[in-house]
Amino acid sequence: MALEEYRAPPKVKLAALWASTMFCYLYGDYIALYVARTLADMNHGSMGPLGHATPYLLTATSLMMAVPSLIVALSLLLPARILRWTCIVLCLFYTAIMAGSIPGSEPFYKVLAVIEMALTLAITVIAARWLSEVQRG
């Protein structure tokens, strides 16, 4: 049996890239637990550079991480026109957040941040190309 190339539709590509991005976010936070003093600081209510863990800050960071998690499923469920623009806007936003988190961070986090930015920029490119393909018609 010959190997066949699978050409995934844009929605599947976007869902896969969002899932990969989320795994990087998750593992970055997990690996950070091994940095000295992280758990002690967490026990004292510190969220590192974000400051003291207030209910507002915890809610805001939860929402910030829930959005990419939801987009994995929404990539397959949203109408194409809404999904394209959602991906473009959100990926530029999340790329900027990651770029801003690099200075002063641990080396492992810098590596993950670069990977996460590459993933979100890839999502942006796929969504933008998809848009131009549809507009060309």
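In this structure, the side chain of Thr124 engages the main chain of Thr120 through a donor-acceptor pair within 3.5 Å. Not a single donor-acceptor pair under 3.5 Å links the side chain of Tyr109 to the backbone N or O of Gly104.
Nearest heavy-atom pair, Met117 versus Ile102, reported as atom, atom and distance to 0.1 Å: CE-CD1, 3.5 Å. Between Cys24 and Ile115, the shortest heavy-atom contact is SG-CG2, 3.8 Å. Of all heavy-atom pairs between Ala15 and Val72, the closest is CB-O, 3.5 Å.
In the hydrophobic clustering of ILVMFWY residues, with side-chain heavy atoms under 4.5 Å counting as a link, Met47 and Met65 come out apart. A single hydrophobic cluster is seen to contain both Met22 and Met64, as judged by linkage of ILVMFWY side chains at heavy-atom distances under 4.5 Å, directly or through other members.
Ile123 contributes atom CD1, which lies 5.0 Å from atom CG of Leu17 (distance to the nearest 0.5 angstrom). The structure places OG1 of Thr21 at 11.5 Å from CG of Leu90, a figure rounded to the nearest 0.5 Å. Of the inter-residue distances, the one linking Leu112 atom CG with Glu106 atom CD reads 12.0 Å to the nearest 0.5 angstrom. Put simply, CH2 on Trp18 and OH on Tyr94 are 6.5 Å apart, with the number rounded to the nearest 0.5 Å. Of the inter-residue distances, the one linking Leu57 atom CG with Ser62 atom OG reads 9.0 Å to the nearest 0.5 angstrom. Rounding to the nearest 0.5 angstrom, the gap separating the CE atom in Met98 from the OH atom in Tyr25 is 6.0 Å.
Each of Pro9, Cys91, Ser75 was scored for a side-chain contact (heavy atoms from CB on, under 4.5 Å) with Leu14, with one residue passing: Ser75.
Sparse packing is recorded around CE of Met42, with 12 or fewer heavy atoms of other residues, nucleotides or ligands lying under 6.0 Å away. The environment of Phe23 atom CZ is sparse: at most 12 non-hydrogen atoms of other residues, nucleotides or ligands sit within 6.0 angstrom.
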**Message:** Show, in sequence, the C-alpha distance, side-chain angles and deciding distance for Leu74 and Leu83, and conclude whether the side-chain contact (heavy atoms from CB on, under 4.5 Å) test is met.
**Reply:** CA-CA 8 Å; Leu74 291 175; Leu83 175 62; 5.5 Å; no

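Relative ring orientation between Tyr30 and Tyr34 is described as perpendicular, the plane-to-plane angle rising above 60° on a 0-90° scale split at 30° and 60°.
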